[in-house]
Engineer: 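Please see the structure below; I have some questions.
When a ligand or atom number is given, it counts from 1 through the structure's own listing order. This is a predicted model, so every value here is computed, not measured. Computed from heavy atoms alone, side chains included, the values below leave out hydrogens, waters and symmetry copies.
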Amino acid sequence: MAKARSTFICQNCGAVSPRWMGRCEDCDAWNSFVEEGAPAGIGARNAIGKGRVFALEGLSGNSPEAPRIVSGISELDRVTGGGFVPGSVLLLGGEPGIGKSTLLIQACAALAERGERVVYISGEEAVAQVRLRARRLGLDKAPVELAAETSVEDIAATLGEGKVPALLIIDSIQTMWTSTVESAPGTVTQVRAAAQGLIRYAKTTGACVILVGHVTKDGQIAGPRVVEHMVDAVASFEGDSGHQFRILRAVKNRFGPTDEIGVFEMTGGGLREVANPSALFLSGRDGSAPGTAVFAGMEGTRPLLVEIQALVSPTSFGTPRRAVVGWDPSRLAMVLAVLEAHAGLRFGQHDVYLNIAGGLRIAEPAADLAVAAALVSSLAGTELPVQTVFFGELGLSGAVRPVAHGGQRLKEAAKLGFRAAIAPAAEGNDSAPVSVRSVGHVSALVADIAASSTRRERGNSRPAVAAAG
Ligand code: TYD
Ligand code: MG
């Protein structure tokens with residue numbers, strides 16, 4: 001019989017190598033390879049045995065819509081697409097200490113109060129610690145069933161005894177292990193096998209299982225990254241410890257949209273839902289400072305106003321610095337290039353810093369125009385018109401291109417007391433609740449800002465931005 005061959009698996013990204021390597025060629029992690037037994041999967045068996053015959057079905061069959069288990073925490077239900085789906089598995093990723101356990105214990109308590117059976121398995125904390133947190137949150141009366149366990153077989157056996165739980169929390173998947181593979185807990189092989197076992201449990205019993213996964217600093221779900229494709233939904237819990245708010249973002253969802261976010265605020269009494277995130281992100285805003293622009297964005301189906309801050313200052317180094325927090329650096333490079341090429345501005349001798357206020361991360365190209373406005377405003381040292389929001393995508397030609405959901409963005413701006421918007425030309429602009437200045441080209445934006453700055457600084461010797469085009 002052939003000797004069982006072992007393989008080396010990168011613990012960061014799951015890359016497989018027949019020999020040990022100091023550095024992973026896939027993800028560049030150092031010293032990340034660990035020897036693990038050859039996984040028994042497809043191809044492990046030599047010959048294909050005789051299979052069972054199954055029936056094939058048509059697309060137009062009658063399958064009832066899966067009922068949802070609604071937690072009652074609306075920001076959470078929004079992200080799951082209207083509640084947890086029975087028999088599905090959700091991976092909840094996030095940095096340690098961000099509040100995953102807090103969110104889940106709150107969800108558990110809410111569901112248990114509605115009469116569902118809810119089981120919380122903690123592999124990281126002792127039962128006493130989980131109880132302590134629940135007491136602090138005022139949830140210790142909720143009929144949640146608790147255990148501190150790490151063996152997948154034991155968990156399945158224990159849960160096999162009583163009624164199938166509606167919701168099973170596994171906190172966290174990195175601490176789980178199964179005896180079907182020999183690797184140590186926390187290794188990729190173990191995490192994968194444990195997740196497989198729990199997914200099988202969910203599929204066969206119809207329980208909804210939530211796996212908690214810790215992510216590394218660069219945002220990868222370490223270890224659990226390799227289970228992302230196995231689960232039905234992946235949500236990530238984000239935020240930084242310097243800010244009190246947290247964002248739950250759907251990354252993958254087989255049963256709902258993936259662009260929804262839920263906004264929470266971490267308080268002394270646990271996570272509180274934020275029903276009006278725009279107000280939160282704009283709070284503490286110094287509207288009169290040069291270099292700040294309010295972007296009317298969209299997160300999923302919800303409009304969200306955020307402040308974009310730019311600082312453009314003469315460089316004291318040979319190569320000017322570009323630093324971005326919360327936005328795509330290559331997108332910033334593009335906006336700068338467009339401003340240089342089509343509006344005659346020069347950033348070559350300036351450091352450029354860009355920050356999305358409040359620690360939010362935005363990915364929408366619609367932020368281009370707001371970023372451009374903030375940059376021009378900072379370069380010119382002049383504040384942008386008050387009570388004005390910006391949105392629009394910039395093309396490489398300098399054209400301002402229309403973006404989706406213009407009406408909703410304008411409505412949200414009006415709701416928060418803004419009076420005007422600078423936006424791409426669109427049909428509904430005339431009947432919008434705020435006055436819309438349509439711009440078709442980035443040079444028009446720059447000319448506007450330059451004009452308002454000369455008006456304000458008339459008599460002042462400081463030169464404003466010279467608008468070209
Ligand atoms: P936790 O849910 O344990 O994080 P995770 O499971 O993602 O590692 O949350 C830990 C942090 O949350 C901790 O730094 C304290 C803070 N926290 C509050 O601010 N208020 C609270 O009511 C609770 C329970 C925690
Ligand atoms: Mg935790």
Side-chain angles (χ1 to χ4, degrees), residues 71-73 75-76 79-80 84 89-113 118-142 144-150 155 167-177 185-186 191 194-195 198 209-225 227-228 231 233-251 261-274 280 358-359 361:
S71 71
I73 302 175
E75 294 293 303
L76 177 62
V79 174
T80 53
F84 301 118
V89 180
L90 171 85
L91 175 67
L92 177 66
E95 281 177 33
I98 203 74
K100 300 181 294 296
S101 304
T102 308
L103 176 68
L104 291 176
I105 202 76
Q106 287 184 253
C108 280
L111 269 180
E113 293 286 2
V118 178
V119 178
Y120 188 104
I121 307 284
S122 175
E124 292 184 346
E125 294 165 303
V127 167
Q129 277 173 291
V130 181
R131 276 199 188 127
L132 204 67
R133 180 186 292 120
R135 188 163 318 142
R136 193 173 148 189
L137 300 172
L139 300 172
D140 48 338
K141 296 282 182 298
V144 177
E145 294 168 60
L146 274 185
E149 277 300 331
T150 54
I155 293 169
L167 185 66
L168 167 65
I169 310 284
I170 302 290
D171 189 1
S172 66
I173 186 64
Q174 275 107 335
T175 56
M176 294 294 134
W177 65 281
V191 166
L198 290 161
V209 175
I210 299 183
L211 308 175
V212 172
H214 293 293
V215 300
T216 51
K217 271 183 253 88
D218 53 3
Q220 301 225 320
I221 302 188
R225 174 103 234 172
V227 305
E228 269 187 11
V231 298
V234 179
S236 90
F237 206 35
E238 304 166 358
D240 63 303
S241 36
H243 293 100
Q244 80 282 23
F245 67 84
R246 305 279 181 266
I247 291 172
L248 184 66
R249 196 183 286 274
V251 179
I261 64 166
V263 185
F264 296 89
E265 192 178 358
M266 181 62 98
T267 67
L271 289 158
R272 202 174 55 78
E273 293 179 62
V274 177
L280 178 73
R361 198 161 50 76

Engineer: Does any N or O in the side chain of Q129 come within less than 3.5 Å of the main-chain N or O of A126, such that one atom is a donor and the other an acceptor?
Structural biologist: yes
Engineer: Mind checking what makes side-chain hydrogen bond (donor to acceptor under 3.5 Å, both in side chains) contact with T175, not counting sequence neighbours?
Structural biologist: none
Engineer: If only atom types and distance count, is the side chain of E145 paired as donor or acceptor with the main-chain N or O of V119 below 3.5 Å?
Structural biologist: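 No, the answer is negative, given that no donor and acceptor are paired below the 3.5 Å cut-off.
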Engineer: Which protein atoms of type N, O or S are found under 2.8 Å from the Mg ion (ligand 2)?
Structural biologist: S101 OG
Engineer: I'd like to know if the side chain of E75 and the backbone of V263 have a donor-acceptor N/O pair within less than 3.5 Å.
Structural biologist: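 Pair found, side chain donor or acceptor close to backbone of V263.
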Engineer: Would you say the side-chain atoms of E265 and T267 include a donor-acceptor pair closer than 3.5 Å?
Structural biologist: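 Distance-only check fails for E265 and T267.
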Engineer: Just to be sure I understand the cut-off, which residues have at least one non-hydrogen atom under 4.0 angstrom from an atom of ligand 1?
Structural biologist: E95, P96, G97, I98, G99, K100, S101, T102, R133, R136, L137, M266, T267, G268, G269, G270
Engineer: Taking only residues at least two apart or on different chains, which pairs with a member in residues 103-113 satisfy salt bridge (Lys or Arg N to Asp or Glu O under 4.0 Å)?
Structural biologist: none
Engineer: Side chains of S101 and D171: is there a donor and an acceptor less than 3.5 Å apart?
Structural biologist: yes
Engineer: Mind listing the closest non-hydrogen atom pair of A195 and L211 along with its distance?
Structural biologist: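 Looking at all heavy atoms of both residues, the closest pair is CB-CD1, 4.4 Å.
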Engineer: Answer yes or no: does atom CZ of R131 have more than 12 heavy-atom neighbours from other residues, nucleotides or ligands under 6.0 Å?
Structural biologist: no
